[in-house]
Amino acid sequence: MSATVEELEAGVLGLPAVQRARLVEKLIASLDVEPNVENAWAEEVERRQREIESGTVPLLPGAETLSRLRAEFQ
């Protein structure tokens, strides 16, 4: 017998927050249809981290970044 979505939801919502978060991560990961996407993102993160550490890209303070974004999207 398989549980309905409603039954699963009721059971999951009764779990502690940490366990719910872990389940969400696993469910989202299961939706990735392209396995190379995760690797590509990991490589991109590493590349950007190297740029930051080497000083080849400028970093902006958070307040300035938010100000620029607000101006751009208003």
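Remember, it's a predicted structure, so these values are computed and weren't measured experimentally. Reckoned from all heavy atoms, side chains included, excluding hydrogens, waters and symmetry mates.
Counting only residues at least two apart or in different chains, salt bridge (Lys or Arg N to Asp or Glu O under 4.0 Å) contacts with residues 19-30 are absent. Applying the salt bridge (Lys or Arg N to Asp or Glu O under 4.0 Å) test to residues at least two apart or on different chains, the pairs with a partner in residues 58-74 are E64-R68.
V12 and L27 fall within the same hydrophobic cluster, where Ile, Leu, Val, Met, Phe, Trp and Tyr residues are linked whenever their side-chain heavy atoms come under 4.5 Å apart, directly or through other members.
With sequence neighbours excluded, the residues forming a salt bridge (charged side-chain N to carboxylate O under 4.0 Å, His left out) with E44 are R47, R48, listed by chain and number.
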